[in-house]
Amino acid sequence: MSSKEEDLVLLDYWASPFVARVKLALEEKGITNYECLHEDHIMVSKSSLLMEMNPVHKKVPVLIHNGKPVCESLLIVEYIDEFPEVLTKLWTQKSEIQQKEKDDFLNFLKMVEGELGDKPYFGGNTFGYCDIALISIYSWFYTFQKFTKLDIQSECPKLIAWGKRCMERDSVKKVVLDEVQIYNYALELRKKYGID
Ligand SMILES: N[C@@H](CCC(=O)N[C@@H](CS)C(=O)NCC(=O)O)C(=O)O
């Protein structure tokens, strides 16, 4: 997400630790040109904009991006992060993928692998929150590899071993799609949208 030419509004409450998460993410991304609208007494009364933008929970934070609301602090943090855009770029381009995009992707993988370290799972010895968040992306690695021609197996052996370990779990086997099926889907979409 580029901060330029974007209309960003954050519904804020000064004491909210959840809003602080979002502000931190914005800071880290160097996004400063957003408008902060402060709720006065969030526990007692709420602005009509908050009621309109988060009609289900009526809670801050809400990030309003070009008029569209994103609710839930952790989802907003994810939204602010450029990562999903980077991934999509890896398999939807007509032209050859730029070296910079490959480098960004590889740096990201290495950073994730660094977090894993020598542990079997991200949280230690048991499959948990972070593994759930990442394993669905692991099944896209094959597709990314095909389009980027990066050798993820050699670049990030521990991460690949983690992926294989997770794929042995019944829950993962049941839910996470097969990597070849995903690659075929990517090829189909490229054809459908005239990329190939
Ligand atoms: N799960 C939400 C929690 C947000 C939350 O609890 N916000 C509080 C302020 S700290 C709020 O808006 N409370 C208003 C209310 O409960 O009516 C998130 O992570 O965004």
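Note that this is a predicted model, so its numbers are computed, not measured.
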Pairing residues for K173 by the side chain to side chain contact (heavy atoms under 4.5 Å, CB included) criterion, not counting sequence neighbours: D170
Output all residues satisfying side chain to side chain contact (heavy atoms under 4.5 Å, CB included) with V9, sequence neighbours left out; order by chain, then residue number. D7, L11, E35, L37, I64
Could you measure the distance from the [atom1] atom of [X] to the [atom2] atom of [Y]? Nearest 0.5 Å is fine.
X: N125; Y: Y121; atom1: CG; atom2: OH; value: 9.0 Å
X: E39; Y: D12; atom1: CD; atom2: CG; value: 8.5 Å
X: F105; Y: F144; atom1: CZ; atom2: CZ; value: 5.5 Å
X: C71; Y: F18; atom1: SG; atom2: CZ; value: 14.0 Å
X: D196; Y: K94; atom1: CG; atom2: NZ; value: 7.5 Å
X: L10; Y: H38; atom1: CG; atom2: NE2; value: 8.5 Å

Who pairs with [X] by side chain to side chain donor-acceptor pair (under 3.5 Å), at least two apart in sequence or on another chain?
X: K100; answer: D104
X: K119; answer: none
X: R169; answer: none
X: E168; answer: none

Any donor-acceptor N/O pair, [X] side chain to [Y] backbone, under 3.5 Å:
X: R165; Y: P120; result: yes
X: R190; Y: Q93; result: yes
X: Q145; Y: I152; result: yes

Heavy-atom pair with the smallest gap, counting every atom of L150 and K102: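 Nearest pair, atom of L150 first, then K102: CD1-O, 4.0 Å.
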Out of curiosity, does L24 fall in the hydrophobic cluster containing W14 (side-chain heavy atoms, cut-off under 4.5 Å, transitive links)? no
In the single-linkage hydrophobic clustering (I, L, V, M, F, W, Y; side-chain heavy atoms under 4.5 Å), do V77 and I31 co-cluster? no
Pairs of donor and acceptor atoms involving the side chains of residues 174-184, under 3.5 Å and at least two apart or interchain, shall be tabulated with distances.
from: D178; atom 1: OD2; to: V180; atom 2: N; distance (Å): 3.2
from: D178; atom 1: OD2; to: Q181; atom 2: N; distance (Å): 3.2
from: N184; atom 1: ND2; to: V180; atom 2: O; distance (Å): 3.4

From CA spacing to verdict: side-chain contact (heavy atoms from CB on, under 4.5 Å), F147, L187: CA-CA 10 Å; F147 287 107; L187 290 179; 4.0 Å; yes
What pairs of donor and acceptor atoms, side-chain ones from residues 107-115 against any protein atom, are under 3.5 angstrom apart with sequence neighbours left out?
from: N107; atom 1: ND2; to: D103; atom 2: O; distance (Å): 3.2
from: K110; atom 1: NZ; to: E155; atom 2: OE1; distance (Å): 3.0
from: E113; atom 1: OE2; to: K158; atom 2: N; distance (Å): 2.8
from: E113; atom 1: OE2; to: L159; atom 2: N; distance (Å): 2.9

Would you please name every residue forming a ring-ring contact (aromatic ring centres under 6.0 Å, His included) with Y34, sequence neighbours left out?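 ring-ring contact (aromatic ring centres under 6.0 Å, His included) list for Y34, sorted by chain: empty.
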Test ring-ring contact (aromatic ring centres under 6.0 Å, His included) applied to Y13 - qualifying residues, sequence neighbours left out: none
Go through it in stages, so that I can follow the logic: the residues are Y138 and K164, the test is side-chain contact (heavy atoms from CB on, under 4.5 Å), and I'd like the CA-CA distance, side-chain angles, deciding distance and then a yes or no. CA-CA 9 Å; Y138 167 82; K164 290 186 175 149; 3.5 Å; yes
For residues 126-137, please give each side-chain donor-acceptor pair under 3.5 Å, one per line with the distance, not counting sequence neighbours.
from: D131; atom 1: OD1; to: F122; atom 2: N; distance (Å): 3.1
from: D131; atom 1: OD1; to: W162; atom 2: NE1; distance (Å): 2.8
from: D131; atom 1: OD2; to: G128; atom 2: N; distance (Å): 2.7

Flag the pair W91 / L189 as yes when at least one side-chain heavy-atom distance between them is below 4.5 Å, and no otherwise.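 They are in side-chain contact.
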Is the H65 ring parallel, tilted or perpendicular to the Y79 ring (thresholds 30°, 60°)? perpendicular
Name of the residue among I76, L26, L74 meeting side-chain contact (heavy atoms from CB on, under 4.5 Å) with R21: L74
Please walk me through it: do L90 and W140 pass side-chain contact (heavy atoms from CB on, under 4.5 Å)? CA-CA 11 Å; L90 295 177; W140 278 82; over 6 Å; no
Can I get a per-line list of side-chain donor-acceptor pairs under 3.5 Å for residues 50-57, giving both atom names and the distance, sequence neighbours left out?
from: N54; atom 1: OD1; to: H57; atom 2: N; distance (Å): 3.3
from: N54; atom 1: ND2; to: K59; atom 2: O; distance (Å): 2.9

